[in-house]
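Scope of the values below: all heavy atoms of this structure, side chains included, with no hydrogens, waters or symmetry mates.
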Amino acid sequence: MSDPLQRLRDAYSVRTVAGLTRRLRPRPVGGDGLTDLAGSDYLGLSADERVVSAAAAAALTWGAGATGSRLLTGTTTLHAELEAALARFSGAPDALVFSSGYLANLGALAALGGPEVLVVSDELNHPSLVDACRLSRSRVTVVPHRDVGAAERALAGRPEEHAVVVTDGVFAIGGDLAPLPELAEVCRRYGALLVVDEAHALGIVGERGRGAVYAAGLAGEPGVVRTIALSESLGSQGGAVVGAPDVIQELIDRARPFMVDTGLAPGSVAAALTALRILSSTPELIVSARARAGELAWAARSAGLPVTRPDAAVLTVTIGDPHAALHAQAVCAEFGVKVGCIRPPSVPDGRSCLRLTARATLTDADIALAGRAFAAVARMLRIPSRR
């Protein structure tokens, strides 16, 4: 009888040759001393004393965990308070908190999709949205990136009675904004819901960081549904869906990633609620994060690297080959800079890249250090400097 694990070893060998294996790296207490351009703590709130203290106080009051599904064990006043605050901040009537942003995406499309619903998805949507489309049990049409015309053609030619168009608000890898006003108009015309993942837009885009949907003037649209990650700008953990009461009730009744999952831990709820209050009262954090993103883009461009223009706090340096991308990441680390290295299957073949993220708390010295690291990467790739 054959070894049932041999196929896994064979697959691992293939990934190793292709430069597509991953490994967990230890994270020392107090940090590793590297300038962090890899995480998504855009406003620097994950270590803010007010946020951490709120989390600790909530854990002492409510316990370490939620103890079960909120439908089984009850929902705390903290959860209800966070949902009300998220809805108010986003300019929407209602919200529902999930235990992760990933599950918020799964829950939204699982409840809003179905065999009688067409789902139209941007080809560069976050992997959680890709998985959510599969879980929806809908027929899924993947359209070219930011191609409103392709989305319209898919909606116009559908045999299904209902449809959902799903997109990132700010795309997680490229950092570019979705054409939300145009997509919303197409959805209105063809009677489709628009689902927008605001993970990388909340706290960065729009008035006081209210997100891409708000910035596009769509916050009050009943046909627009937003998913939110509490682990990015809010520096906590968890996710939420924001939208019309009809949508939220559908999720409570039918979204298994909410119904059967243990609720978000009270400490994380309190941390996100406190971070949201800080965001609401400190708009300079948003200004700083966006300014630092522009400075990082300039530093990379000056080194000759092919870098995207940041519409929020994410920017990407395209490398292409996964081995070269890993080497570039290592070069940055040698200079004391931590960057993300994104390889297939997170991106298509031939599009491995360095993913850089700006943070409001970056200093001028951090930007200068990043510039030196970028110059070293350009030399490694034999790209002439533009300085």
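- Taking every heavy atom of both residues into account, Y102 and S128 meet most closely at CD1-CB, 3.4 Å.
- R292 pairs with exactly one of T363, T357, D364 by the side chain to side chain donor-acceptor pair (under 3.5 Å) rule, that one being D364.
- Side chains of N105 and D197: a donor on one and an acceptor on the other come within 3.5 Å.
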Applying side chain to side chain contact (heavy atoms under 4.5 Å, CB included), run through L356 and F374 and close with a yes or a no. CA-CA 11 Å; L356 315 175; F374 298 156; 3.6 Å; yes

Could you walk me through whether H145 and F171 satisfy the ring pair (Phe, Tyr, Trp, His ring centres under 6.0 Å) test, starting with their C-alpha distance in whole Å, then the side-chain angles of each, then the deciding distance to 0.1 Å, before giving a yes or no? CA-CA 10 Å; H145 184 48; F171 288 88; 4.4 Å; yes

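- Distance alone, capped at 3.5 Å, places no donor-acceptor pair between the S138 side chain and the V140 backbone.
- If you check the side chains of T167 and D122, you find no donor sitting under 3.5 Å from an acceptor.
- Taking 4.5 Å as the limit, every side-chain heavy atom of V120 sits out of range of all side-chain heavy atoms of V164.
- Between atom SG of residue C332 and atom CG of residue L369 there is a gap of 9.5 Å, rounded to the nearest 0.5 Å.
- Between L279 and F89 the shortest side-chain heavy-atom distance falls below 4.5 Å.
- At least one donor-acceptor pair under 3.5 Å links the side chain of S281 to the backbone N or O of I278.
- The shortest non-hydrogen separation linking A358 to A289 is CB-O, 3.6 Å.
- Note: the hydrophobic cluster containing I204 also contains V170 (ILVMFWY, side chain heavy atoms under 4.5 Å, direct or indirect links).
- Surrounding CZ of R22 are more than 12 heavy atoms belonging to other residues, nucleotides or ligands, all under 6.0 Å away.
- The side-chain heavy atoms of L96 and F258, taken from C-beta on, include a pair separated by under 4.5 Å.
- Considering all non-hydrogen atoms of both residues, L234 and A272 come closest at CD1-O, 4.1 Å.
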When you look at E81 and R277, which way does the salt bridge (charged side-chain N to carboxylate O under 4.0 Å, His left out) test go after all the steps? CA-CA 12 Å; E81 190 176 355; R277 289 168 178 159; 2.6 Å; yes

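- Hydrophobic clustering of Ile, Leu, Val, Met, Phe, Trp and Tyr side chains at less than 4.5 Å, counting indirect connections, unites V143 with V196.
- Looking at heavy atoms from C-beta onward, S40 lies in side-chain contact with H200 at the 4.5 angstrom threshold.
- Summarising the local packing, CZ of R146 is surrounded by more than 12 heavy atoms from other residues, nucleotides or ligands at distances under 6.0 Å.
- Between E83 and R70 there is a salt bridge, since a side-chain N of the basic residue sits under 4.0 Å from a carboxylate O of the acidic one.
- The shortest side-chain heavy-atom distance between L202 and Y214 does not fall under the 4.5 Å cut-off.
- Looking only at distances, a side-chain donor or acceptor of R343 sits under 3.5 Å from a matching main-chain atom of T21.
- With hydrogens and angles ignored, the 3.5 Å screen pairs no side-chain donor or acceptor of R139 with any backbone N or O of E160.
- Defined by atom type and a distance below 3.5 Å, a donor-acceptor pair is missing between the side-chain atoms of S268 and Q237.
- Of the candidates L112, V119, V117, S136 forms a side-chain contact (heavy atoms from CB on, under 4.5 Å) with just one, namely V119.
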Show every donor-acceptor pair shorter than 3.5 Å between a side-chain atom in residues 240-251 and any protein atom, with sequence neighbours excluded, or say none if there are none.
unit_1	atom_1	unit_2	atom_2	d
Q249	NE2	D253	OD1	3.1
Q249	NE2	D253	OD2	3.3
E250	OE2	R254	NH1	3.1

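- The closest donor-acceptor contact from the side chain of S302 to the backbone of A299 lies at 3.5 Å or more, if one exists at all.
- Legend: residues meeting side chain to side chain contact (heavy atoms under 4.5 Å, CB included) with C353, ordered by chain and number and at least two apart, are I173, T316, I342.
- T308 contributes no side-chain N or O that, together with a main-chain N or O of P310, makes up a donor-acceptor pair within less than 3.5 Å.
- A 6.0 Å sphere centred on CD of Q6 holds more than 12 heavy atoms belonging to other residues, nucleotides or ligands.
- In the hydrophobic clustering, Y12 connects to no other residue, as no ILVMFWY side-chain heavy atoms lie under 4.5 Å from its own.
- Side chains of L71 and I252 form a contact here, defined as non-hydrogen atoms less than 4.5 Å apart.
- Atom CG of L177 sits about 7.0 Å away from atom CG of L180, to the nearest 0.5 Å.
- There is no path of hydrophobic side-chain contacts, each under 4.5 Å, that joins V205 to V224.
- A heavy-atom distance below 4.5 Å is found between the side chains of P344 and S352.
- No side-chain donor-acceptor contact under 3.5 Å links R134 to the backbone of R137.
- The two residues L78 and A58 have their closest heavy-atom pair at CD1-CB, 3.8 Å.
- L37 and I367 fall within a single hydrophobic cluster, where Ile, Leu, Val, Met, Phe, Trp and Tyr side chains are chained together by heavy-atom contacts under 4.5 Å.
- Here the side chains of L296 and L362 are in contact, with some heavy-atom distance below 4.5 Å.
- Here L129 contributes atom CG and L135 contributes atom CG; the two are 12.0 Å apart, rounded to the nearest 0.5 Å.
- For the atom pair NE2 of H327 and CG of D321, the computed distance is 12.0 Å after rounding to the nearest 0.5 Å.
- Counting heavy atoms of neighbouring residues, nucleotides and ligands inside a 6.0 Å radius, atom CD of E49 does not exceed 12 of them.
- Among all heavy-atom pairs drawn from A66 and P266, the shortest one is N-CD, 3.9 Å.
- A donor-acceptor contact shorter than 3.5 Å is absent between the side chain of D48 and the backbone of A275.
- Between D3 and R9 there is a salt bridge, since at least one side-chain N of the basic residue sits less than 4.0 Å from a carboxylate O of the acidic one.
- Between the S69 side chain and the M259 main chain, a donor and an acceptor come within less than 3.5 Å of each other.
- Scanning all heavy atoms of the two residues, the minimum distance from L285 to A360 falls at O-CB, 3.4 Å.
- Ion pairing of R309 with D311 is present here, as a side-chain N (NZ or NE/NH1/NH2) and a carboxylate O approach within less than 4.0 Å.
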Going through the checks in order, is the salt bridge (charged side-chain N to carboxylate O under 4.0 Å, His left out) test met by D41 and R359? CA-CA 7 Å; D41 183 21; R359 196 172 63 256; 5.4 Å; no

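- The distance from atom CZ of R88 to atom CZ of R210, rounded to the nearest 0.5 Å, is 10.0 Å.
- Looking only at distances, a side-chain donor or acceptor of R208 sits under 3.5 Å from a matching main-chain atom of S280.
- Under a cut-off of 6.0 angstrom, the local environment of CZ in R188 is crowded, with over 12 non-hydrogen atoms contributed by other residues, nucleotides or ligands.
- Few gaps surround CG on D131; more than 12 heavy atoms of other groups in view lie less than 6.0 Å from it.
- Here CG of L381 is found 7.0 Å from CG of L305. Values are rounded to the nearest 0.5 Å.
- Between E295 and R301, no side-chain nitrogen of the basic residue sits less than 4.0 Å from a carboxylate oxygen of the acidic one, so the salt-bridge criterion is not met.
- By the criterion of side-chain heavy atoms lying less than 4.5 angstrom apart, applied directly or through intervening Ile, Leu, Val, Met, Phe, Trp or Tyr residues, L109 is not grouped with V165; the two fall into different hydrophobic clusters.
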